[in-house]
Amino acid sequence: MAANTRNIYDNNGVGSEDTVYRYLCPVRKAGSIIGKGGEIAKQIRSETKANMRINEALPGCDERVVTIYSTSEETNCIGDDEEFACPAFDALLKVHNMVVAGEGDSYGYDEYSEKYTVAARMLVASDQIGCLIGKGGQVIQKLREETNAQIRVINDNLPLCALALSNDELLQIIGEPLAVREALYQVASLLYDNPSRFQHYFLSSSSSSLHQQQSGGMLMNPPLTSSHKNYSASRDVAEAREFSICFICPAENVGGVIGKGGSFINQIRQESGAVIKVNTSETDEDDDCIIFISSKEFFEDQSPTVDAALRLQMRCSEKVGKDSTDSAISTRVLVPSSRVGCLIGKGGAIISEMRGVTKANIRIVQGEDVPQIAREDEEMVQITGSLDAAIKALTQVMLRLRASVFDMDRGLVLLPTFFPYISQATETSSKPKQRKRENHSHGSMEIGRNEDYGNQMNSNSHRRNHVY
C-alpha cells in the first residue's frame with residue numbers, strides 16, 4: 001500500500017473517508033479476539049491504534065459483527081517487507097489471524113486435498129462492492145486466480161447480524177489459510193482505496209460508558225488524537241431532538257411489557273436510557289393500549305428509542321399463524337400523518353424497497369381503517385413476518401422516521417451495526433383485533449415538517465393520562 005493520508009471530515013466530526021472494515025466473527029470464536037475481561041481486544045487496540053467494536057451476539061445468529069475503523073494515515077508496519085498500512089488494516093489482519101487460528105476450529109476439511117480450509121466473511125457497502133467485482137467481473141476473477149481462494153459476493157439471505165438493507169452485501173472468502181489471508185489482504189487494500197460514501201452513518205464517535213451500554217456490545221476506543229475530533233466533548237444541546245415511537249400493544253401483552261412489579265420495563269428504561277410509558281386509559285380491559293417510547297438524542301448517536309423499541313417489539317406484537325414454531329408476528333406502530341411520506345416514497349418506491357430487503361409485509365393503514373385508539377393526525381404502520389423479518393422491518397421504519405425528524409430523510413438510511421438483545425420469549429398475542437376509528441375527518445390536520453416527531457407524539461392527549 002502506498003503512503004497516503006486522507007483526512008476529510010463531515011460536519012459530525014467523523015472521518016467520511018477514514019477506513020472502516022466490518023468482519024464477521026463466528027460466535028464460538030469471539031473469545032479469541034475478546035479475551036478475559038477484554039484483554040485481547042485491548043491488546044489489539046493498543047498495538048494497532050485502531051478502534052474496534054465487537055457487537056453482541058443475536059439469538060439465532062452464529063456470527064458477530066466486528067467493526068474496525070481508524071484514520072486512513074498509513075502508520076503501521078505490516079509484515080517483514082516494511083510495508084505500511086493504516087491502523088484499521090493492521091487490526092483487520094490481526095483479528096482474522098486470531099479467528100482462524102487452530103486447525104481444530106477451522107472452517108472445514110477438504111478430503112481431496114487433505115487440507116483444512118478457513119473462511120473470512122465481511123460486510124461491504126453496496127457503493128464499495130464494485131471495486132471488488134470490476135467491469136464484467138474482471139477484478140474478482142483476477143483475485144481468485146492470484147490467490148487460489150473461492151471469493152463470492154452474496155447479496156441475499158444475509159445473516160441477521162448484517163445490515164438489513166440493499167446497501168450492504170456479504171463478501172465470503174474460502175480456501176487454505178494462506179490463500180484466504182492473501183485474498184483478504186488484497187480485498188482490504190481495494191476497500192481502503194474506495195471508502196464508502198456513507199460509512200459515517202454506522203460509525204459512532206461517542207465513547208461514553210452509557211453509549212457503550214446502549215450498544216449492546218463492546219466498544220474499544222484508543223485515546224482520540226488531533227486527527228479525530230472528540231465529538232462528545234462539546235455539542236450544541238439545541239441540535240438534540242426528541243424521537244418517539246408509539247406501539248399499539250394487545251391488552252393481554254401489557255403484563256409482559258411491564259413485568260412483575262415493573263421489573264422488566266424498568267430494566268429496559270435503565271439499559272436503553274429511553275422514556276417508556278404504558279397507557280391504558282380510555283380503553284376497555286380487552287382493548288389495545290399504547291406503549292410510548294421517546295428520548296432526546298443527537299442524530300449521529302445510537303438511538304435509545306430504537307434500542308428500547310427493538311427490545312420490546314416481541315412483547316408488543318401479536319402472533320400470526322396456527323400452532324407453528326415458526327409463526328409470524330404482527331407489529332403495529334402509530335406514525336404522524338406528516339411523517340408517512342418518508343416511509344412510502346415517490347410512487348411507493350421506499351416502502352417497496354423495505355418490503356424487498358426485509359422480506360416482511362409492511363402496510364400503511366390510513367383513514368377510517370386506523371384503530372380507534374389512534375389520534376386524528378396518526379396513521380398506522382403494520383409489519384407482518386417472521387421474527388427476523390419483523391425486526392429488520394421495524395428497524396428500517398424507525399430509522400427512516402428518525403432521519404425525517406432530523407431533516408435528513410433525503411440521505412441514505414443505514415441500519416445500525418448492532419442490535420440489542422432480543423428475547424425469544426413468546427409473550428405475543430394470538431388474537432388480532434382492532435376497532436376502526438369512527439367519524440374522524442382524517443388528514444385534515446397538517447403538522448409542520450419542522451416540528452419534532454417526539455413533540456407531536458408527546459402532545460397533551462387524554463389517552464396518555466395513565467402511565468406506568
Side-chain angles (χ1 to χ4, degrees), residues 242-251 253-254 257 274-283 287-295 303 305-306 308-310 312-318 329-344 350-351 354 360-384 390 393-405 409 428-429 432-438 440-447 449 451-468:
E242 186 175 357
F243 175 57
S244 306
I245 286 295
C246 196
F247 281 122
I248 298 179
C249 178
N253 287 17
V254 174
V257 172
V275 174
I276 307 173
K277 299 180 180 180
V278 179
N279 169 49
T280 56
S281 64
E282 297 191 1
T283 61
D287 285 344
D288 297 323
C289 69
I290 294 294
I291 308 296
F292 177 72
I293 307 169
S294 68
S295 62
S303 170
T305 295
V306 171
L310 287 175
L312 289 171
Q313 181 180 8
M314 274 287 290
R315 296 177 184 244
C316 293
S317 298
E318 299 170 332
I329 65 171
S330 177
T331 304
R332 295 172 295 163
V333 177
L334 293 178
V335 177
S337 302
S338 63
R339 299 287 181 193
V340 168
C342 75
L343 301 178
I344 298 176
I350 292 177
I351 195 169
M354 291 194 296
N361 180 11
I362 306 174
R363 294 176 55 224
I364 307 293
V365 181
Q366 299 176 303
E368 294 182 354
D369 291 329
V370 178
Q372 189 177 21
I373 197 170
R375 295 203 306 261
E376 290 185 6
D377 60 346
E378 291 174 328
E379 321 287 356
M380 184 179 77
V381 177
Q382 184 167 20
I383 298 168
T384 305
L394 176 63
T395 309
Q396 179 87 179
V397 166
M398 289 192 294
L399 292 190
R400 289 188 184 276
L401 288 170
R402 187 172 183 264
S404 178
V405 167
D409 48 317
T428 53
S429 167
K433 59 179 177 15
Q434 60 192 45
R435 291 187 299 173
K436 295 180 180 179
R437 178 164 52 202
E438 300 174 355
H440 288 306
S441 56
H442 194 80
S444 60
M445 182 180 297
E446 177 65 22
I447 302 177
R449 282 190 174 271
E451 295 179 21
D452 288 349
Y453 181 17
N455 291 337
Q456 296 165 22
M457 299 292 287
N458 203 25
S459 60
N460 293 330
S461 170
H462 292 298
R463 74 177 185 208
R464 296 195 177 96
N465 286 341
H466 299 170
V467 297
Y468 292 92

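Just so it is clear, the model here is predicted, and its values are computed rather than measured.
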Next on the checklist: Looking at Ser317 and Gln313, would you say the former's side chain and the latter's main chain have a donor-acceptor pair under 3.5 Å?
Outcome noted: yes
Next on the checklist: How close do Ala390 and Ile383 get, counting heavy atoms only, and between which atoms?
Outcome noted: CA-CG2, 4.0 Å
Next on the checklist: Restricting to non-hydrogen atoms, name the atom on Cys342 and the atom on Ile350 that form the minimum distance, rounded to 0.1 Å.
Outcome noted: O-CD1, 3.4 Å
Next on the checklist: Could you tell me if the side chain of Pro250 sits less than 4.5 Å from the side chain of Arg332, heavy atoms only?
Outcome noted: yes
Item to check | Side chain to side chain, Val278 and Phe292, heavy atoms closer than 4.5 Å | outcome: no
Item to check | Arg339/Glu379 ion pair, N-O < 4.0 Å | outcome: no
Next on the checklist: For a 4.5 angstrom cut-off between non-hydrogen side-chain atoms, does Leu312 reach Ile276?
Outcome noted: yes
Item to check | Cys249 side chain near Ile291 side chain, heavy-atom distance below 4.5 Å | outcome: yes
Checklist entry - Are Phe247 and Thr331 close enough that some pair of their side-chain heavy atoms sits under 4.5 Å apart? => result yes
Checklist entry - Are side-chain heavy atoms of Leu394 and Val333 found at a separation under 4.5 Å? => result yes
Checklist entry - Can you tell me how far CZ of Arg402 sits from OG1 of Thr395, rounded to the nearest 0.5 angstrom? => result 12.5 Å
Checklist entry - Taking side chain as C-beta onward, heavy atoms only, is Ile245 less than 4.5 Å from Met398? => result yes
Checklist entry - Listed by chain and number, what are the side-chain hydrogen bond (donor to acceptor under 3.5 Å, both in side chains) partners of Ser330, not counting sequence neighbours? => result Gln382
Checklist entry - At what distance, to the nearest 0.5 angstrom, does CD of Gln366 lie from OG of Ser337? => result 7.5 Å
Item to check | Residue of the set Val365, Val335, Ile364 for which side chain to side chain contact (heavy atoms under 4.5 Å, CB included) holds with Met380 | outcome: Val365
Checklist entry - Any idea which heavy atoms bring Cys316 and Val257 closest together, and the distance? => result SG-CG2, 4.0 Å
Checklist outcome for this item: Closest heavy-atom pair, Leu343 versus Val397, reported as atoms and distance to 0.1 Å, is CD2-O, 3.7 Å
Checklist entry - Side chain of Asn253, backbone of Arg315: donor and acceptor closer than 3.5 Å? => result yes
Item to check | All side-chain hydrogen bond (donor to acceptor under 3.5 Å, both in side chains) counterparts of Thr305, not counting sequence neighbours | outcome: Ser295
Checklist entry - Taking all non-hydrogen atoms of both residues, which atom of Ile248 and which atom of Pro371 are closest, and how far apart? => result CD1-CG, 3.9 Å
